[in-house]
Each structure stands twice: as structure tokens, then as C-alpha cells.
Amino acid sequence: MSREDSNHQFVVAIDFGTTYSGYAFSTRGDFTEDPIEKIVTNVWQAGDLLSDKTPTTLLLKHIEPDSRQEFVAFGYEAEDIYSRLPEEEKDGYFYFRRFKMALYDEDRTVALTRNTKIKDIRNKELLALHVFSHSIEFLKKNCFDKFKKRSLQNEVDVDKEILWVLTVPAIWDDAAKQFMRLAATQAGLPGDRLMICLEPEAASVYCKYLPLERLEQDATLHALQPGRRFVVVDAGGGTIDMAVQEVTDDNKLQEIDHVQGGNWGGIYVDKEFEKVIEDIVSEPILEAYRLNHTSDYIELLRFFEKKKRQTQNSTVRLSVPASLLTYVQDNLNKTISQTTEKSEENRDIKWRREKMQMPPSNYQRLFDNVIMQIAQQVEKIMNSECNRGTDLILMVGGFSECDLLQRRIKESFPRCKVVTPSEAGLSVLKGAVLYGHDPTIIKGRAAKYTYGVAINRPFDAKIHPKSKKELIHGKLYCKDVFDLHVKRGKIISIHQPPVKKSYVPLYPEQSSAAIRVYASKGSVPQYTDEENCKYLGVLTVNMPNVEKGLDRKVSALLRFGGTELTVEGIDETSGEKVELQLDFLAGGP
């Protein structure tokens, strides 16, 4: 949605992350006076720990007899409350952590719908929409509490003067974006004042506004001047987004290649750590420990999360819960040291009371796979014909602060300047606030897919296969024809007119049509059932006035230049607008 003419007084951005989440805001006056320094972020506290974000962890209580779920806590508080619950009471709660990746499916092999369910840490299922909306609602309410403390709430009409910005990974498909919008509106955010912001774009905007001396210490980069091309590597907890941007002559940002990336974020290092424990104690034992000592299992992962953020050049010493050592002894009749000695890959790990001592080589191996994937993808981007000459890599996001990742990227691309800006972990969040104040700073985007819809064309035996022949109301048609709307990689200006396609009824009394929307990452398909063509959702075209029978036409105007695919409808007979619905959460075709 465009906010060029918005009358908002506040922009509130919510960065809903895989590992950590947070919010930030600023007023229109703050943005004018000092765009970066005036952005307010919350400070979350857990014991002696202070941080700008809080864990993406949700605790709900199951309420009988109506089987509803009551919000208990989010973030550090959810972790603390759950850890204090007796094990026998935990079945009465739902504990979700790091659940954002449930929305990501690179090839969308499993449909994302309004009824999609996700599992909590004890494998209990709940509607994903409830989980996400409860979490967003908490962040919204916490933000209002911040307003109260700053004596701002009396000055702002939350429904009319706040523009909300919700960040999502750029590699997410249209279904996941629509899901997040739906969850946000169910959480109470007004849909007409809600923008979806792509995470690497937010980071680019942040770097664009950042003073030169804070972006590059030696001040020789001449950072983001017109004509400069750069790769943004947004390394988060779950996904890695990579976008190639160019600073245009009018000092805007324009994407010059379709976004790329994958599920190689920091949580996959954690999964490698869990595999090490599985290798030592066996998968069944670790799974049983997770279910019987859930709080201690969470604590084990928290210990590793803290250790992972520190630079490690020598033996890594990691605290482990005493219950793990006892559980292994009781169930395997061996000490954990004895089980470790039988491991081919991890026998060099030592145990000293409640400390795990991991050699540097073993520790670095936890990172090898994801770092290799990231480096290979950056190399692929650099070797692309349209990206030749790009010699600047901006590393943003929390995982980009990892010393091992930074070192690998610098070693792999010696001719490039690799820069990790200050507050790399907040670059997306603060950039989203800036984007909300001025969305026109993004001038154009590259289409991530080749988009089209399934249509019927009059059957021509010379060009159409017999298998596609279908008789509809006395006429022969070729079904499943891919009708192209936009090609992958095409640069689309945010001001570019929408793609216009017209549709006519197949029979006189037809009052609506459900048109299937498809996408391809490869060449333009001829038919929608080709291997490289994936179903996205349905475009419902309403044609309520049936008086003219077949002599009717409705045009769909699809806009591809925004962060979301949107559509408008025009009745060509009357010239009036008609309702069109684009639904990516409708399930299978």
C-alpha cells in the first residue's frame, strides 16, 4: 500500500523475527529533525541482561471447558514463567518458540492456509494464526505502554495517526505475506494503515540514512552515492535474504536483481548443536529428555545461544543442566563422558562436571554448512551478468555479527568491501521505521517470479494438445493455458501502471469467476501444470450484472511493484469498480 499522502504522526515498526522480535517508532517531527537518532526502541530485561529485542517465544494457557487459549506471556517473561512451572502442569500450556519459520516453504510443497497448525515444544498443535496474532498483539500493547511512559498516548489517535510497518523476509512467497497481514489485523492493527516491508529493503534504507562515518570507519567508501551498486546480505535467525540494490540518480534505491536466499539462518547452527547432543546420547534419549525436562532443555539451548554470539578462538566451555547428565546416566547406565568416547565425530568433546568443553574445530563445524550455503549464494549473485561490477557487500541482521560468518565472506570475496554497519542487529527494525516515513525511497523492485493465471482459450487442434481439450457450454476450449502477467527479474517501478487483463464470462448467467494464479522461477510456462509452475492462489472476479449475458468484460489491474501483490477491478461495460479478491491462503487449486 502506498503512503505517499499519509497523514500519520507516528510510524511503529514491528520486526517479527525467528529468534528475536521487537518494535521501534518515531514521530514525523523526529524523522524530519534526525531520522536515525530519534528512533525509539524498547529495552527488554531478563535478570541482568538488557537487549533491544526479546525472544520470539509465546506462552498460552489452555482453558477448559471451552478449549480456548489465554495469553500468558511473550519473550523473556514467557521463558521465565514456563521454566518455573512444575513438569506435571506443563500439559496445560502451549509453549511456542522460534515458530516464524513455519511460514517458509521455498517451493510451497505444503499449502499455507488459514487453518494451518503448528506444534509447540511438546508437539501440541494450535492454529498458526492464533499463535502469530497473540504475539503481534502483545508487541502492539507493549508499544502502547511505552507511549504512556513517554506521555505520548494522549497525543495520538492510535487508529488514525499511527502507520504500522511489519517486516517480512523478501524470499517469502505471497501466501506467507498475506498470512502475516491477516495475523496483524486479527491482532488489532488497522489493515488500511498497515504496510508490509521487506527486510533487506529496510536494512538498505537504514544504511542509506546512516552517516558515512558510522557506516565505514575509514570514510573512503563514499558509501551509497548515486550509481553505487551493493549486495545486502540480511542474515537473520531463520532466513538469509540477499538483495542487489542500486542508488539511482535521484538518490533513491532500486533493486536490480530478484531477491535470493534460503533457510540458512542462525537457528540452523543451533540445530547442528542439537545433532551433536543427539550423536552423543542418541536421538530417542534427547527427545525423551526434551519432553520430561522441557525447562532444562530450553535452558541448554539458551546457554548455547549466548555462547554462539561470542567470538570463540579457543576451547568452548558451555554450561549444561545437571539433569541432562543424570538423565543419561539413569537411562543408559553410562556417564555422558562414556557415551561421548564412542562417538566418531565428537569424541574430542570433554565433560567437566556441568561443563561441556568443545574444541574449536568441533565448534566451527557447527557453522560450516550454513556459512558455506551463504557464501555460495553470494558468489552466485556476484557472477550474475546483471550484477557485474558490484563490489560492496553490506552485512546486516543479528547473525551477520557472527565473527565466523564475517571472516568467511571477507575471505571469499577479497576484491569486495565487506561492511557490517553499527547496530547491524537493529538495521531492519530501524530501517522499517524510516521506510514507513518515506516509502518512495524504494524506486523499483525486480519481480521475484514469473506471474500468470490459468485461462481457457478457443481450442486449436494445430497448436493445442488433445489432453487439454475441454467442452464448456457447447464450445471447445484449451484449458490450463498460462496467461503471462510479468516475467521474473523484470524491474518494476513503484509508479508503473498496473498490468491490465480482461476477462469475459463463459456462459450468460455467470456472476463470478475464480481464476487460478500461478508462478514460475524458470522460463515462461505454456501450461499451468508444467513442472516449474506452482499454484499460488485464486483471483475472484465478480461480475454481478448479468443482463448483457456474454457481452460483458471485467478488467483486473494487478500491481506488481509493491511489497505485496494487489489488484483492482473495473467493469468495462459500466466503467464502475468491481470487487476483486486475491487469496493466497485458499489452499490447493
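Every heavy atom of this structure was used, including side-chain atoms; hydrogens, water molecules and symmetry mates were not. Only a predicted model underlies this, so the values are computations on that prediction, with no experimental measurement involved.
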Checklist entry - Would you call L182 and L585 a side-chain contact if the rule is heavy atoms closer than 4.5 Å? => result yes
Checklist entry - Below 4.5 Å, heavy atoms only, C-beta onward: do L565 and L558 meet side chain to side chain? => result yes
Item to check | cation_pi(K468, Y527) dist<6.0 Å, angle<=45 | outcome: yes
Checklist entry - If you draw a 6.0 Å radius around CD in E125, do more than 12 non-hydrogen atoms from other residues or ligands fall strictly inside? => result yes
Checklist outcome for this item: Which of K448, R488, R445 passes side-chain hydrogen bond (donor to acceptor under 3.5 Å, both in side chains) with H258? Answer is R488
Taking only distance into account, with no hydrogens and no angle test, what donor-acceptor pairs under 3.5 Å do side-chain atoms of residues 512-523 form with protein atoms, sequence neighbours excluded?
unit_1	atom_1	unit_2	atom_2	d
R516	NE	Y518	OH	2.8
R516	NH2	D480	OD1	2.9
S520	OG	G522	N	3.0
S520	OG	S523	O	3.3
S520	OG	N532	O	3.2
S520	OG	N532	ND2	3.1

Checklist entry - Quick one: does NZ or CZ of K140 land under 6.0 Å from the six-membered ring centre of W164, within 45 degrees of the ring axis? => result no
Next on the checklist: Can you give me the closest heavy-atom contact between A111 and T116, atom names plus distance?
Outcome noted: O-OG1, 3.8 Å
Checklist entry - Do you know which of R229, Q254, K443, R228 makes side-chain hydrogen bond (donor to acceptor under 3.5 Å, both in side chains) with E246? => result R229
Next on the checklist: Whether K124 engages the ring of F94 as a cation-pi pair (distance to the six-membered ring centre under 6.0 angstrom, angle to the ring normal within 45°) should be assessed.
Outcome noted: yes
Item to check | Candidate list D241, V231, I240, V428, test side chain to side chain contact (heavy atoms under 4.5 Å, CB included), partner P200, passing option | outcome: D241
Checklist entry - Who pairs with K534 by side-chain hydrogen bond (donor to acceptor under 3.5 Å, both in side chains), at least two apart in sequence or on another chain? => result none
Checklist entry - What distance separates E255 CD from E201 CD, expressed to the nearest 0.5 Å? => result 6.0 Å
Checklist entry - How about F16 and F132: are their ring centres within less than 6.0 Å of each other? => result yes
Checklist entry - Of all heavy-atom pairs between R114 and L129, which one has the smallest distance, and what is that distance? => result O-CD1, 3.7 Å
Checklist entry - When the aromatic ring centroids of H464 and F459 are compared, is their separation below 6.0 Å? => result yes
